[in-house]
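The sequence lines fix the lettering, A, B, ..., with proteins before strands; numbering per chain opens at 1.
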Amino acid sequence: MLQLENVTVTQDDFRLAADLTIREGARVAVIGPSGAGKSTLLSVIAGFYPPASGRVLWQDRDLTDLPPGDRPLSILFQDQNLFPHLTVAENVGLGIRSDLRLSPEDRGRVAEALERVGLSGMGDRRPGTLSGGQQSRVALARVLLRARPLMLLDEPFDALGPALRAEMLDLVAEIAGAMGATVLMVSHNPADALRIAPETILLADGRAHPPRGTAELLENPPPALAAYLGK
Amino acid sequence: MPSRLTLMAGGAAAFVALLTLGTLAAVIARAGGAGWPGVADWAALRFTVLQAALSAFLSVACAIPVARALARRRFPGRGIFITLLGAPFILPVIVAVMGLLAIFGRSGALNGILGAFGVEPLSVYGLKGVVLAHVFINLPLAVRLILQGWLAIPAERFRLAAALGFGPRDIARHLERPMLREVVPGIAVTIFLICLTSFAVALTLGGGPKATTIELAIFQAFRFDFDLGRAAMLAAMQLVICAATAALAARLSLPPAFGAGLDLAAQHWDAASPLSRLADAAAIGLAALLLLAPLAAVIAAGLPGVFRLPLAVWQSALWSVAVSLAATALALLLALPIALGRGRVLEITGMLPLATSALVVGTGLFLILRPVASPASLAMPVTALVNAVMALPFCLRALIPAARQVEADYARLADSLGLTGLARLRYLTLPRLRRPLGFAAGLTAAMSMGDLGVVALFADPDRATLPLQLYRLMSAYRMEDAAAAAVLLMALSFALFWLFDRGGRTDAAA
């Protein structure tokens with residue numbers, strides 16, 4: 001269970017308040033107009049931006065003062081998810097040990113993870129030689145090996161075309177299902193949210209509203225969301 | 001990582017502060033006070049500022065037409081010429097001086113031509129010579145930096161200007177002059193600063209009461225009078241004007257360091273007139289002549305004799321390579337933690353050597369270390385140490401922007417993966433900094449290889465670096481050997497730079 005307990009975030013004259021709970025194993029979309037603070041909310045959970053007040057808890061454990069790498073989560077950013085100077089296998093191996101001292105057994109797991117995301121045999125390539133979709137798969141293979149219970153997606157597939165994006169979302173759902181992970185996904189595309197996230201957090205008017213059913217929310221959007229969706 | 005890194009960065013900065021300010025303090029303490037400047041000292045100050053100002057002004061003024069010509073013309077050999085413009089900065093100063101003497105000296109090529117027309121021979125010593133040498137060294141640097149400014153003007157602007165029917169005058173007014181106002185002050189102040197602490201040029205072409213720089217006066221105070229108090233006072237004087245200049249330079253913008261992508265030439269529609277073609281050809285031709293003729297003269301005079309050089313010269317070449325490699329390793333060990341640690345205090349400390357007298361650093365070190373070791377055995381290690389510290393600002397200038405870029409691009413990802421400590425250094429920082437590290441190493445190695453400074457004060461007769469050996473050959477008028485040694489020195493400097501710089505570029509696929 002992920003809890004945002006009376007969290008407030010301030011950045012210059014921007015303010016965001018969040019007081020909500022996400023069940024373990026839930027898949028939740030985060031929707032809202034641009035500038036509402038979707039990425040900021042994820043940054044706070046991931047530990048890149050300290051909240052002005054309040055606490056972030058996972059299974060009742062306070063995460064607020066933990067550095068990003070020690071939090072029970074994996075995050076995928078909009079870009080720069082891979083180190084271009086390391087090979088695909090090294091990038092994935094970072095999910096096992098960040099000092100990359102991998103045993104033969106670990107290497108086997110890296111190969112397995114690559115196979116799982118459909119990239120078997122590509123371990124020696126550099127990210128620059130892969131397509132955008134393949135790069136996303138590498139990052140997902142690393143998420144798989146990190147095996148953290150919480151997955152944060154900050155629009156990592158945004159640069160991909162619609163078909164490829166749908167494919168990646170299905171892969172996310174599959175991986176999260178296999179790991180039993182809780183997913184929190186920023187999206188500005190209602191179709192994406194409907195596709196894999198049964199619940200949605202709406203960010204509007206300086207507030208992150210508690211999760212509601214995605215389909216229901218999109219059918220009866222409150223005024224702020226309706227304006228954003230153009231309905 | 002932060003705590004350990006902060007510790008290492010602080011340690012490196014403290015070491016640099018000890019070497020720069022601590023050595024000055026040691027000299028002052030030994031002298032029992034620093035005294036007050038006399039007539040000769042004020043004269044040295046005046047000459048130093050005058051020659052530096054003239055050198056900076058002439059370098060920049062001559063560089064502008066050359067940079068403009070290179071920005072708007074494409075011709076075969078343009079790329080090679082731009083690469084060659086990087087050479088004088090890593091050319092050993094003493095070799096540059098030899099080349100200039102071969103062209104502009106009393107029996108040089110120019111006076112030969114003038115003599116044929118019955119013109120009195122020109123003298124290349126004193127203010128004229130010092131400024132000429134500084135322009136020779138810094139003009140190419142200025143051209144490269146200004147060219148960068150020119151290429152930073154988006155090509156679309158020139159297209160728009162052509163669409164609006166701008167003539168050359170309008171382009172100068174709306175595009176070029178605003179750019180120049182932006183970049184030229186920073187470049188001029190940088191060259192001014194480099195010329196303020198000039199030693200080898202002043203030692204070989206200056207001298208006498210009318211043409212002595214502060215650094216040369218410090219040398220004379222040590223060497224001839226062993227007047228530590230006067231040397232310390234002069235060093236303090238130098239520190240003040242250099243620090244003030246450096247503070248000024250820090251407020252002015254420079255184009256991003258040492259230019260990538262200078263091979264581009266934006267298409268220009270404004271330069272089709274025959275007159276502008278002629279002007280550009282003349283600018284490039286004259287710059288090439290000034291740059292290449294002295295080098296060609298040295299090579300022509302020295303190349304045949306290289307393999308007949310006496311054994312002592314080869315020995316000093318070995319010493320120089322050893323000193324240069326040690327200085328390079330040390331400079332990187334100091335520069336890397338400072339560049340990664342960031343923070344104002346660290347950066348300012350790292351720039352301190354720009355304001356410091358290398359001779360005072362060396363002498364201070366001798367005074368500090370004398371109780372534990374004999375001066376003769378210290379000459380080479382102290383030279384390496386001083387060279388490392390003096391190269392530090394240039395290393396930092398290459399490393400700090402790159403380190404910032406790595407942080408901006410990958411810090412979040414590395415943090416989210418818990419990549420810290422040595423693993424972060426090995427898998428993120430070092431691979432991403434390969435190029436600037438290679439460049440910084442090459443620069444340090446070449447500068448140290450060609451340095452004629454501290455070693456001139458302390459080396460004993462049978463152990464010398466190659467530049468010192470070359471200076472001795474010149475002083476003894478053994479010009480044939482001197483020219484051959486100059487070729488050897490130049491080859492070693494360029495080879496060291498090339499090897500390190502190249503090393504940073506291999507495997508740079510990503």
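Closest heavy-atom contact between S416(B) and F48(A): CB-CZ, 3.8 Å. Between A423(B) and S98(A), the shortest heavy-atom contact is CB-O, 3.4 Å. Between H85(A) and L428(B), the shortest heavy-atom contact is NE2-CA, 3.8 Å. Closest approach of L413(B) to R142(A), counting heavy atoms only: CD1-NH2, 3.6 Å.
Summarising the geometry, atom OH belonging to Y427(B) is positioned 7.0 Å from atom CG belonging to D99(A); distances are rounded to the nearest 0.5 Å. Note: L419(B) CG to L100(A) CG = 7.5 Å, rounded to the nearest 0.5 Å.
If you measure heavy-atom distances from R101(A) to chain B, you find no contacts under 4.5 Å at all. Contact of L76(A) with chain B is not made at all, since no heavy-atom distance falls under 4.5 Å.
Options L73(A), N81(A), I75(A) differ in how many heavy-atom pairs under 4.5 Å they form with chain B, and the most are formed by N81(A).
Surrounding CD of E115(A) are at most 12 heavy atoms belonging to other residues, nucleotides or ligands under 6.0 Å away.
Residues F83(A) and Y410(B) bring their aromatic ring centres within 6.0 Å.
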